[in-house]
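The sequence lines fix the lettering, A, B, ..., with proteins before strands; numbering per chain opens at 1. The basis for the numbers below is simple: all heavy atoms, side chains too, and nothing from hydrogens, waters or symmetry mates.
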Protein chains: 2
Amino acid sequence: MAAPKTQTLERQEQITQAALDLINDQGVSGLNIAGIARRVGIVPSALYRHFVSKDAVLDAVLDLIRQRLLDNVAHVRKKTPVPLNQLKLLFTRHIVMLRENRAIPHVVFSDAVYNGQPDRKAKVAQIITSYLKEVEFIIESGRQDGTIHKEVVPATAAVMFLGMIMPAVVLWNVSQTKFDMTAHINTAWPAYERSIAVQIPKEAS
Amino acid sequence: MAAPKTQTLERQEQITQAALDLINDQGVSGLNIAGIARRVGIVPSALYRHFVSKDAVLDAVLDLIRQRLLDNVAHVRKKTPVPLNQLKLLFTRHIVMLRENRAIPHVVFSDAVYNGQPDRKAKVAQIITSYLKEVEFIIESGRQDGTIHKEVVPATAAVMFLGMIMPAVVLWNVSQTKFDMTAHINTAWPAYERSIAVQIPKEAS
DNA sequence: ATATAATGTGAATTGTGAATCACAATTCTT
DNA sequence: AAGAATTGTGATTCACAATTCACATTATAT
């Protein structure tokens, strides 16, 4: 009962997705060739027809993650032209995304990244910084149109934007999903907005 | 050439410290019994006289980390009685600490925590939340003495305090230590202060 | 001092998982 | 339809690391 033959390109996508799913369930340390193969429906050795090594699979997963993150930004841009609304939307969408893809923080924080080849580390650095650049860009356009304070330093504000998300996700993960993300979104966002927006929004509590 | 016999209590401390050092260098996935034993100066099997398993060593490392974090808070409390100054000091000290102990983020974000026994996960949750509680406490006393806005929600402000630190450390790690932490401290802190303090400090840019 | 407990040692055991390889089945080319 | 290329399979190898164990050595108690 051999698995049906499938073009490498398609298999690579299946394998990458399966790897992401596996990491969602078991973390990066739970990522193993046999597990991936099982999910795809092939035998472990067959995987090597499509990837030269396990490391190569991890790199593909990183590419997938980058794509998802940037797609997110693009989607938000289309949704509304107002910088502050874009940020708010990006904030909630990003949190929802990380909730559903626990693999993302897993990979980004994993030892495979922190202590693997410098290439991989650089790749993650590039993913994060390009995401930050997008956020900075939104903030900068807010400064231009006068909705965001001129004194705000875009780079710092972007890092702090990430700072609303990162600890929340970590707490949520560590607390067996008990940490109330919705409540966090509802209180953190106004605080963030207050610190960068020019005028307090209509309903000032 | 046997290693000198040493009381279990002292050896446990040596082993825990060696494990922390090893994680500093190689990450959690690089943590191995042989490596720890080498650093302590004993043979791998000897380690089992003092810890029942590798997992037990990791748990001890977690205890050590908690202790370090809380010592940090206590130190800051002694240094100054002014809440905002305590926060600022805690901020810089925390960053310095994480710079010198890359093991801390490694462990906190590791798979061993995210996918290990629920006990360990709970332990990490407890470490983070107790640290947050301390920060909340400082913020609350600032609200009491009128130096921090009444509208500030201590829990949220504490999470965002962590939010100044976490992404910075991640960026620093991932960027081969190229990310400028000092610059981050200098711009992030005023922004944070502005968002919670009642009055803008003397020199308003 | 001697028995007993505690600690250290080297060898052996066990498990795990990545990677390789010769061969089989399938698809593609022409 | 024959031959070449691609993809799949099972057995196997290899390295690595945690743990156990019988025995040696040192410290402690009486």
Novice: So, are A:Arg77 and A:Glu134 salt-bridged, with charged N and O less than 4.0 Å apart?
Specialist: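 Answer for the salt bridge query: yes.
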Novice: Does any part of the side chain of B:Val198, heavy atoms only, come nearer than 4.5 Å to the side chain of B:Thr147, both counted from C-beta?
Specialist: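 No, their side chains stay 4.5 Å or more apart.
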Novice: For nucleotides 10-12 of chain C, give me every protein contact, N/O to N/O, under 3.5 Å, one pair per line with atom names.
Specialist:
unit_1, atom_1, unit_2, atom_2, d
C:dG10, N7, B:Ser45, OG, 3.4
C:dG10, O6, B:Ser45, OG, 2.5

Novice: Less than 4.0 angstrom between a side-chain N/O of A:Arg49 and OP1 or OP2 of D:dT9, yes or no?
Specialist: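 No, no such contact exists.
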Novice: What nucleotide, of D:dG8, C:dG8, D:dT19, holds the atom closest to the side chain of B:Ala3?
Specialist: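 The closest nucleotide is C:dG8.
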Novice: Could you state the CD1-C1' distance from B:Ile33 to C:dG15, rounded to the nearest angstrom?
Specialist: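 Distance check: B:Ile33 CD1 to C:dG15 C1' gives 15 Å.
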Novice: Roughly how many Å is it from CD in A:Glu10 to C1' in D:dG8, rounded to a whole number?
Specialist: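 Taking CD of A:Glu10 and C1' of D:dG8, I get 15 Å after rounding.
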Novice: Whole Å only: how far is the CD atom of A:Gln7 from the C1' atom of C:dT26?
Specialist: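 Distance, rounded to whole Å: 12 Å.
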Novice: To the nearest Å, give me how far apart CD (A:Gln14) and C1' (D:dT7) are.
Specialist: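 Atom-to-atom, A:Gln14 to D:dT7, this comes out as 13 Å.
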Novice: Can you tell me how far C1' of D:dT7 sits from CZ of A:Phe51, to the nearest Å?
Specialist: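 In whole Å, D:dT7 C1' lies 15 Å from A:Phe51 CZ.
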Novice: How would you label the contact of B:Leu31 with the nucleic acid (heavy atoms, under 4.0 Å): base, sugar-phosphate, or nothing?
Specialist: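 Counting heavy atoms under 4.0 Å across all strands, the contact made by B:Leu31 is with sugar-phosphate only.
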Novice: Sort out for me which residue in B:Val113, B:Leu62, B:Leu58 forms a side-chain contact (heavy atoms from CB on, under 4.5 Å) with B:Lys123.
Specialist: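 Of the listed residues B:Val113, B:Leu62, B:Leu58, the side-chain contact (heavy atoms from CB on, under 4.5 Å) partner of B:Lys123 is B:Leu62.
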Novice: When the distance from CG of B:Leu58 to P of D:dA17 is rounded to whole Å, what number comes out?
Specialist: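 To the nearest whole Å, that distance equals 16 Å.
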Novice: Counting heavy atoms from C-beta on, name the nucleotide in D:dT19, C:dG8, C:dC23 closest to the side chain of B:Ser53.
Specialist: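 Side chain of B:Ser53 sits closest to D:dT19.
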Novice: Hey, does the side chain of A:Asn32 reach the backbone of A:Gly30 with a donor-acceptor pair shorter than 3.5 angstrom?
Specialist: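 At least one qualifying donor-acceptor pair exists.
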Novice: For B:Arg11 and C:dA6, is the shortest distance between a side-chain N/O and OP1 or OP2 below 4.0 Å?
Specialist: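 It does not, given that no N or O in the side chain of B:Arg11 lies less than 4.0 Å from OP1 or OP2 of C:dA6.
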Novice: Taking atom types as modelled, is there a side-chain donor on B:Glu13 or B:Gln17 under 3.5 Å from an acceptor on the other?
Specialist: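 No.
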Novice: Below the 4.0 Å mark, does D:dT6 have OP1 or OP2 next to a side-chain nitrogen or oxygen of A:Lys5?
Specialist: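 So the side chain of A:Lys5 is outside the cut-off, no N or O lying under 4.0 Å from OP1 or OP2 of D:dT6.
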Novice: Would you say B:Gln67 and B:Asp63 are linked by a side-chain donor-acceptor pair, where the criterion is simply a distance under 3.5 Å?
Specialist: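 Looking only at side-chain atoms, B:Gln67 and B:Asp63 do not form any donor-acceptor pair under 3.5 Å.
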Novice: On the nucleotide C:dG8, are OP1 or OP2 found under 4.0 Å from the side-chain N or O atoms that B:His50 carries?
Specialist: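 Answer is yes, contact under 4.0 Å.
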Novice: A:Asn85 pairs by side-chain contact (heavy atoms from CB on, under 4.5 Å) with which of A:Ile138, A:Val76, A:Thr80?
Specialist: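 Between A:Asn85 and the candidates, side-chain contact (heavy atoms from CB on, under 4.5 Å) is satisfied uniquely by A:Thr80.
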Novice: Assign B:Ile36 to base, sugar-phosphate, or nothing according to its heavy-atom contacts below 4.0 angstrom with the strands shown.
Specialist: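 It contacts nothing in the nucleic acid.
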Novice: Using distance alone, with no hydrogens and no angle criterion, decide if A:Ser195 and B:Ser195 have a side-chain donor and acceptor under 3.5 Å apart.
Specialist: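 No, because no side-chain N or O of A:Ser195 sits under 3.5 Å from a partner of the opposite role on B:Ser195.
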Novice: Given D:dT7, is OP1 or OP2 found less than 4.0 Å from the side-chain N or O atoms of A:Thr8?
Specialist: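 Result: yes.
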Novice: How many whole angstroms separate atom CD1 of B:Ile15 from atom C1' of C:dG8?
Specialist: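 Atom CD1 in B:Ile15 sits about 12 Å away from atom C1' in C:dG8.
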Novice: Please report, rounded to the nearest Å, how far the P atom of D:dA22 is from the OH atom of B:Tyr48.
Specialist: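 After rounding, the reported distance stands at 17 Å.
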Novice: Base, sugar-phosphate alone, or nothing: which one does B:Pro4 contact when heavy atoms must sit under 4.0 Å apart?
Specialist: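 Touches sugar-phosphate only.
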